Amino acid sequence: MSGSLNPSSLARLLGEWNLGAAPAYRELADVVRLLVLDGRVPLEVALPSERALAATLGISRTTVTAAYSLLREQGFLSSGQGSRGRTGIPQASPRGSSGGADLSGAPGLAVPDGILDLAYASLPASGEVVHRAFASALTELPALLPGFGYDALGVNALREAIADHYAAAGVPTTAQQILVTSGAQHALNIVLRTLAGRSDKVMVEHPSYPNAIDAIRAAGCRLVPVAMPAAHPDARSGARPGWDLEAIEMALMQQRPVMAYVVPDFHNPTGRLMPDSQRRRLVRAAAAAGTVLVVDETLRELNLDGVASSPLAAFSPAVVSLGSLSKSHWAGLRTGWIRADESLIQRFAAARTTMDLGGPVVEQLAAAHLVGALTEPLPPRLASLRDNRDALLDLIASRLPGWQSERPVGGLSVWCRLPAPISTALAVVAPEFGIRLAAGPRFGTGGAFEHHLRVPFTLPPEQLETAVRALRSAQDRLEASPQLRRNLGTPPAAAIA
Ligand SMILES: Cc1ncc(COP(=O)(O)O)c(C=O)c1O
């Protein structure tokens, strides 16, 4: 990644950063750090020169110089001698002899030393199973070496294993209805490129998965967000708020989006499961509106409470389903898929070749073994997730007064309602307390969800306890400084359209 950010773009992203709660240089550095951490300022872009940014923001050059030095000290800006400093994230530990970042133990990308990463809802690999699958794949590889190695649809053994998996779940499927992708995010981009043009409307749940929102936006589409009902205050005790089907039906009929992107299986971030009765209504409403229903089933295997449901494709052959091994096995496999009718799959394959020409063969051979025994690594994984979830819910209830948490029936995170609109502010100050957060507005449009925070339960209970203690300290810091809370709580102007 390279490029540079011009002063007016950075000023727009910064929004109202300077409201006097701390020295100006510190506030400027805090907000730039948040923008880098949550991806609104990409890595390795050159920030504006000190002189240009000072002039654009109407502040002294000394303030910008001090903010940039602080960012350099914290590892968020390269030293950039003789040239402009580039954005980055701190190394996890001092550089080894290879000079590369040490990513060991990091659930996501490299994170600052000792910081607990609550921005990623992801797990380490179910190691042994994955390792065994690769060992088998290597023995099978020679048979494929005489071929060209290009296949936009995917290796047959894997397509067949995925088709069998759907058939076993009650959705008869042939291998011709499967296209293998490099994960569900790649799958969504292929679907968007095929089915949605610039300015087309795409319905999403609100909140929804941030990277999906970003992909839809990047495709030039217009988001049609439909609010998920608020959790009942006693949601911890088992009330299930579900989806607002009336609102979805109305949005579909009135807005006629070309596509609707939904996550009915342990929705990210709420962890909700759509009941079959609502699935039936959803499919009917999409058909009536001429909307293609794109269903992201990435989290479907993380069924913590064993509540039964049928895959959405069981209700209509027109559904496009996206799947992934990222949550059941490991995100590092970068293996996912699309299930759709055969003619659509051919169109997806054609669109895919504008981005890449197929997936790596060994990974696909290994994935065929993993999909063939998909549930094998799940029991211990689900057992520890249940423990983590229960520990987190208890910690939130006892240590974070005023927070309302909804008990998720699956997935990897708890969607919390905060006592005040402080989500962005919490994300800004969080690293000082040893945690990294994804601010609530990342899960929505128009700056919504300042009152919400997604807290993953991917860490073990001891680390969750440390994390909740840090959340409490961060909240106390904001409460002690109402001005800081107000200022940082203003979502940067250009963050979400
Ligand atoms: C709902 C949802 N979709 C897609 C993804 C990304 O999946 P992949 O790693 O297969 O691209 C995630 C990861 O968190 C997710 O939660």
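Position 1 is the first residue of the sequence, and the numbers go up from there. Just so it is clear, the structure is predicted and the values come from calculations on it, not from any experiment. Start at 1 and go down the list; that is how both ligands and their atoms are numbered.
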Next on the checklist: I need the nearest protein heavy-atom contact for atom 1 (C) of ligand 1: residue, atom name and distance, please.
Outcome noted: Asp296 OD2, 3.5 Å
Checklist entry - In the protein, what heavy atom is nearest to atom 14 (O) of ligand 1, and what distance, to one decimal place, separates them? => result Lys327 NZ, 2.7 Å
Item to check | Distance filter under 4.0 Å to Arg334 heavy atoms, resulting ligand 1 atoms | outcome: 8 (P), 9 (O), 11 (O)
Next on the checklist: Between ligand 1 and His186, is the shortest N or O to N or O distance under 3.5 Å?
Outcome noted: no
Checklist entry - Should His267 be listed as contacting ligand 1, given a heavy-atom distance under 4.0 Å as the test? => result no
Checklist entry - Within 45 degrees of the axis of the six-membered ring of Tyr166 and under 6.0 Å from its centre: does Arg339 put its NZ or CZ there? => result yes
Checklist entry - What protein heavy atom sits nearest atom 7 (O) of ligand 1, and how far off is it? => result Ala184 CB, 3.7 Å
Item to check | Pair Glu140-His369, side-chain donor/acceptor within less than 3.5 Å | outcome: yes
Checklist outcome for this item: Which of Ser328, Ser309, Ser324 passes side-chain hydrogen bond (donor to acceptor under 3.5 Å, both in side chains) with Arg300? Answer is Ser309
Checklist entry - For ligand 1, which atoms sit closer than 4.0 Å to a heavy atom of Gln185? => result 11 (O)
Next on the checklist: Can you tell me how the ring of Trp415 sits relative to the ring of His452, calling it parallel under 30°, perpendicular over 60° and tilted otherwise?
Outcome noted: parallel
Checklist outcome for this item: Result for side chain to side chain contact (heavy atoms under 4.5 Å, CB included) between Val468 and one of Ile435, Val455, Leu400 points to Leu400
Checklist entry - Which part of Leu325 is near ligand 1, with near meaning a heavy atom under 4.0 Å away: side chain, backbone, both or neither? => result neither
Item to check | For Gly183, the ligand 1 atoms whose distance to one of its heavy atoms is below 4.0 Å | outcome: 10 (O), 11 (O)
Item to check | Backbone or side-chain N or O of Ser324 under 3.5 Å from ligand 1 N or O | outcome: yes
Checklist entry - Are the charged groups of Arg159 and Asp151 less than 4.0 angstrom apart, N to O? => result no
Item to check | Which residue and heavy atom of the protein sit nearest atom 16 (O) of ligand 1, plus the separation | outcome: Asn268 ND2, 2.8 Å
Item to check | Distance filter under 4.0 Å to Ser326 heavy atoms, resulting ligand 1 atoms | outcome: 8 (P), 9 (O), 10 (O)
Checklist entry - Based purely on interatomic distance, does Val263 place a nitrogen or oxygen under 3.5 Å from a nitrogen or oxygen of ligand 1? => result no
Checklist entry - To the nearest 0.1 Å, how far is atom 6 (C) of ligand 1 from its closest protein heavy atom, and which atom is that? => result Tyr209 OH, 3.4 Å
Item to check | Side-chain (Asp390) to main-chain (Asp387) donor-acceptor, under 3.5 angstrom | outcome: no
Checklist entry - Side chain of His206, backbone of Thr445: donor and acceptor closer than 3.5 Å? => result yes
Item to check | NZ/NE/NH1/NH2 to OD/OE distance under 4.0 Å, Arg284 and Glu249 | outcome: no
